[in-house]
Protein chains: 2
Amino acid sequence: MDTTEQFEKESALSLKLFVVLTRALESIEKQVVNNIKSYGLNLTEFGVLELLYHKGDQPIQKIGQKILLASSSITYVVDKLEEKHFLSRKACPNDRRVTHASITDEGKQLIEEIFPKHAEALNEIMGGLNAKEKELMIDLAKKLGLHAQGL
Amino acid sequence: MDTTEQFEKESALSLKLFVVLTRALESIEKQVVNNIKSYGLNLTEFGVLELLYHKGDQPIQKIGQKILLASSSITYVVDKLEEKHFLSRKACPNDRRVTHASITDEGKQLIEEIFPKHAEALNEIMGGLNAKEKELMIDLAKKLGLHAQGL
DNA sequence: TATAATTAATTCGAAATCGAGATATTTTAA
DNA sequence: TTAAAATATCTCGATTTCGAATTAATTATA
C-alpha cells in the first residue's frame, strides 16, 4: 500500500470515528437529559451544580473553563440556578472583579437526591460495554481529547 | 469484592466514561466547527448537505432521523440551506405529505470543495490515536451507541 | 506613578434547538 | 366506504448558546 492509499484509509477511519462517536454520544445524552429534566434541571445546570458540590465554590469564569461554556452563557446558567435558589453569588474579597458561585443547602439537597440516581441510570445507559471495555474506551477518549484540545 | 462494591466500581467507571467522552467530543467538535464555519456552514447544515450529496434526495423527515434532530429543527435548517441556494424542496409525487430535500449544483460544488478539507482536518484532529486504536474505538462506540439507543 | 494591557463578569442581539399544537394527507379498520 | 388513527411537515413561543461589545478592576510597563 502506497502512502496516498495509506492516507486515504486513515482519513476514512477518522471520519468514521467522528460519526460513530457523535451518534453514540447523542443517544447517551438524550437518555441522560431525560433522567435529569424530571428534576427541573438541564444537563448544563446539573454539571454546574455537580461541580460546585464536589469541588466547592468556584469563580464564575472557572466554571466556564471546566464545562466548556462561553462566559456569557455561564452568566445565564448561573442566573437560572440562582433564581431557583440552588446557588448564590459571593463577592471575592481578594479580587473585586471576581464573583464566586456557591451551592446552597437547597442545591446540595437536590444533588444528593439526584446524583445517585443519575449514576445508576448512567450505568444502565453505558451497559453496552463491560468494565474492561469501559476502561479501554476511557483511555482512548482521553488520548483523543488531549490531542484535539492541544490543536 | 462483594456485589455492592462491584456495582459501585462499575458505576464510577460509567460516570468517568461519560465525562471523558463528553469532554473529548466537545474539543473535537470545536475544531471541526471552526473549520466548517469559514465556509458559512454550521455542523448541522454541513451534515445535511453531506447526507444529500452522498445518499441522494431525502424526505425531510428522514434527514431528521439520521442527524437526530427534531422535525421542527429540520424545517429550520432546510429553510436556511434553501435560502443559501444549497438545496431545494421537491414535492413527492407518490405521497403528498412528503417533501424531498435535494442538493443543488451550487450545494454539490460547495461540498466538493469542503469535504476533502474537512476529511483532512478531521484526520489531524483525530491524530491522538493510531489506526488500530481508531478501529477499536469505532467498535466500542458502536456498541455503546446501539445499547443506549435501544433504551 | 501614570498609562496600557489584561482579566472577570455582564449585557445585548442573533442563531439553533426543542416541544406542543395545527394542517394536510394517507393508512387502517369498523 | 366512512371514521379513526397515523404520518409528514410546518408554525409558534420558549430555552439555550454564542460572539461582540461594555464596564470595572487588576497587573504590567514605560
Side-chain angles (χ1 to χ4, degrees), chain A residues 22 25-27 29-49 52 57-84 86-102, chain B residues 22 25-27 29-34 36-49 57-84 86-102:
Chain A
T22 301
L25 208 61
E26 275 170 350
S27 297
E29 278 191 352
K30 202 159 268 187
Q31 301 293 330
V32 172
V33 165
N34 265 335
N35 287 322
I36 286 173
K37 83 169 167 205
S38 56
Y39 298 97
L41 293 182
N42 66 30
L43 201 48
T44 306
E45 291 170 336
F46 179 73
V48 170
L49 275 193
L52 297 181
D57 296 5
Q58 302 281 330
I60 281 186
Q61 168 260 6
K62 261 282 167 59
I63 298 174
Q65 288 173 1
K66 304 214 183 184
I67 314 280
L68 284 205
L69 216 55
S71 66
S72 53
S73 307
I74 318 157
T75 297
Y76 174 82
V77 177
V78 169
D79 281 352
K80 289 289 161 186
L81 287 171
E82 203 170 25
E83 280 166 22
K84 294 176 188 170
F86 293 141
L87 68 70
S88 61
R89 282 178 163 92
K90 288 180 177 167
C92 171
N94 309 330
D95 187 336
R96 289 167 50 194
R97 290 170 304 181
V98 174
T99 303
H100 288 276
S102 176
Chain B
T22 302
L25 207 63
E26 275 171 350
S27 297
E29 277 191 352
K30 200 159 270 187
Q31 301 293 330
V32 172
V33 165
N34 265 335
I36 286 173
K37 83 169 166 208
S38 57
Y39 297 97
L41 293 182
N42 66 32
L43 202 47
T44 306
E45 292 170 336
F46 179 72
V48 171
L49 275 193
D57 296 5
Q58 302 282 328
I60 281 186
Q61 169 259 8
K62 260 282 168 57
I63 299 174
Q65 287 172 1
K66 304 215 183 183
I67 313 278
L68 286 204
L69 217 54
S71 67
S72 52
S73 308
I74 318 157
T75 298
Y76 174 81
V77 177
V78 169
D79 281 351
K80 289 288 160 185
L81 287 171
E82 203 170 25
E83 281 167 21
K84 294 176 188 170
F86 294 141
L87 68 70
S88 62
R89 282 178 163 90
K90 288 181 179 170
C92 171
N94 308 331
D95 186 337
R96 287 169 51 193
R97 292 170 299 182
V98 174
T99 303
H100 289 277
S102 177

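Every chain is numbered from 1, with letters handed out A, B, ... down the list of sequences. All values below come from the heavy atoms of this structure, side chains included, with hydrogens, waters and symmetry mates left out.
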Practice task
Can you check each nucleotide of nucleotides 10-19 of chain C against protein heavy atoms at under 4.0 Å and return B for base, S for sugar-phosphate only, - for none, in 5' to 3' order?
Solution key: BB---SBBBB
Contact summary for [X] and [Y], nearest pair of heavy atoms:
X        : Y        : answer
Leu68(A) : Glu26(B) : CD1-OE1, 3.3 Å
Asn42(A) : Ile36(A) : O-CG2, 4.1 Å
Val48(B) : Val77(B) : CG2-CG1, 4.1 Å
Lys84(A) : Gly40(A) : NZ-O, 3.1 Å

Gap between atoms [atom1] and [atom2], on [X] and [N] respectively (whole Å):
X        : N       : atom1 : atom2 : answer
Phe46(A) : dT15(D) : CZ    : P     : 22 Å
Leu43(B) : dT17(D) : CG    : P     : 16 Å
Leu81(A) : dT15(D) : CG    : P     : 15 Å
Leu41(A) : dT15(D) : CG    : P     : 15 Å
Arg96(B) : dA24(C) : CZ    : C1'   : 9 Å
Gln61(B) : dT25(C) : CD    : C1'   : 14 Å
Asn94(A) : dT7(C)  : CG    : C1'   : 15 Å
Asp95(B) : dA8(D)  : CG    : C1'   : 8 Å

Handout entry: Closest to side chain of Val98(A), choosing from dT26(D), dA8(C), dA8(D)
Key = dA8(C)
Practice task
Could you pull out all residues at least two apart from Asp79(A) that satisfy salt bridge (charged side-chain N to carboxylate O under 4.0 Å, His left out)?
Solution key: Arg89(A)
For residues 91-101 of chain A, please give each side-chain donor-acceptor pair under 3.5 Å, one per line with the distance, not counting sequence neighbours.
from     : atom 1 : to       : atom 2 : distance (Å)
Asp95(A) : OD1    : Arg97(A) : N      : 3.0
Asp95(A) : OD1    : Arg97(A) : NE     : 3.1
Asp95(A) : OD2    : Arg97(A) : NE     : 3.4
Asp95(A) : OD2    : Arg97(A) : NH2    : 2.8

Handout entry: Any side-chain heavy-atom pair of Phe46(A) and Val32(A) under 4.5 Å
Key = no
Handout entry: N/O donor-acceptor pair, side chain Arg97(B) with base dT7(D), under 3.5 angstrom
Key = yes
Practice task
For Glu29(A), check side-chain contact (heavy atoms from CB on, under 4.5 Å) against everything at least two apart and list the hits.
Solution key: Leu25(A), Leu43(A), Phe18(B), Thr22(B)
Handout entry: Contacts of Lys66(B) that satisfy side-chain contact (heavy atoms from CB on, under 4.5 Å) - sequence neighbours left out
Key = Leu51(B), Gln58(B), Lys62(B)
Just the table, please: protein N/O against nucleotides 1-4 of chain D N/O, every pair under 3.5 Å.
none

